[in-house]
Amino acid sequence: MAFYAVMVGCVSGLEVVLFRHAHRVGLLRRSMPDRVYRWSVLMSLMPVGFFAASVPVAFFSVNLAVAVWFLFVPVEALLSRRKPAGADDYF
């Protein structure tokens, strides 16, 4: 279980690396405002944090580690309230 969490966290982290590179060198279809870019990076980094937090938990309880993954849903809902206006136009 811990190995799976590490691998999924790595994949999510690489998504952020690809997004940052595309933003820096102008590979996106439209240039996005800094506020939208920062919010997007934060939302993309959230799974990395949750999966990383679940790794030590998995050594004690697999079920609790999976529960940590599901904490992503309410946190994402809370952060979505702070979504910059017009952010949906870029995705």
Side-chain angles (χ1 to χ4, degrees):
M1 184 61 70
F3 180 74
Y4 175 77
V6 170
M7 291 301 110
V8 174
C10 287
V11 169
S12 293
L14 287 174
E15 174 192 3
V16 176
V17 170
L18 287 171
F19 179 66
R20 288 189 58 170
H21 177 71
H23 178 72
R24 274 194 224 151
V25 298
L27 296 175
L28 301 176
R29 289 183 187 195
R30 292 175 43 197
S31 177
M32 62 179 58
D34 286 338
R35 191 167 182 209
V36 173
Y37 170 71
R38 286 191 306 271
W39 180 82
S40 302
V41 169
L42 173 67
M43 294 301 286
S44 295
L45 281 174
M46 274 195 359
V48 176
F50 279 96
F51 280 102
S54 73
V55 171
V57 176
F59 289 108
F60 298 106
S61 170
V62 172
N63 292 333
L64 192 56
V66 172
V68 170
W69 300 345
F70 284 108
L71 288 175
F72 173 78
V73 176
V75 172
E76 180 185 26
L78 287 172
L79 288 178
S80 291
R81 292 181 183 177
R82 299 187 59 116
K83 183 188 318 184
D88 291 331
D89 297 339
Y90 295 93
F91 300 101

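Basis for what follows: all heavy atoms, side chains included, without hydrogens, waters or symmetry-related copies. Sequential numbering from 1 along the given sequence is applied to the chain's residues.
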Indicate if F3 and V57 have the same hydrophobic cluster label, given that clusters are the connected sets of ILVMFWY residues with side-chain heavy-atom separations under 4.5 angstrom. no
Ring center gap for F51 and F72 short of 6.0 angstrom: no
Please round to the nearest 0.5 Å and tell me the distance separating atom CZ of F19 and atom NE2 of H23. 7.0 Å
Is there a continuous path of hydrophobic side-chain contacts, each under 4.5 Å between heavy atoms, that joins V62 to V55? no
All heavy atoms of D89 vs all of R30, minimum pair found to be O-NH1, 3.3 Å
Within 6.0 Å of CZ in R81, more than 12 heavy atoms from elsewhere: no
Indicate, with yes or no, if V16 and Y90 share a hydrophobic cluster defined by side-chain heavy-atom contacts under 4.5 Å among Ile, Leu, Val, Met, Phe, Trp and Tyr. yes
So which atom in G13 and which in V48 form the shortest heavy-atom distance, rounded to 0.1 Å? N-CG2, 3.4 Å
Between E76 and M43, which heavy-atom pair has the shortest distance, and what is it? CG-CE, 3.4 Å
Linking I/L/V/M/F/W/Y whenever their side-chain heavy atoms sit closer than 4.5 Å, directly or via other members, would L14 and M7 fall into one cluster? no
Spatial distance of atom CZ (R20) from atom OH (Y37) [nearest 0.5 Å]: 4.5 Å
Looking only at heavy atoms, the pair that brings R35 and P84 closest together is O-CG, 3.7 Å
With respect to F50, which candidate in L45, L71, V8 satisfies the side chain to side chain contact (heavy atoms under 4.5 Å, CB included) definition? L71
Is it possible for you to say whether L78 and F70 belong to one hydrophobic cluster, with membership spreading through side-chain heavy-atom contacts below 4.5 Å? no
Going by salt bridge (charged side-chain N to carboxylate O under 4.0 Å, His left out), name the residues that satisfy it together with D88, two or more places apart in sequence or in a different chain. K83
Residue pairs involving residues 9-18 (criterion side-chain hydrogen bond (donor to acceptor under 3.5 Å, both in side chains); sequence neighbours excluded): none
Just jot down the ring-ring contact (aromatic ring centres under 6.0 Å, His included) partners of Y4, sequence neighbours excluded, or say none. W69
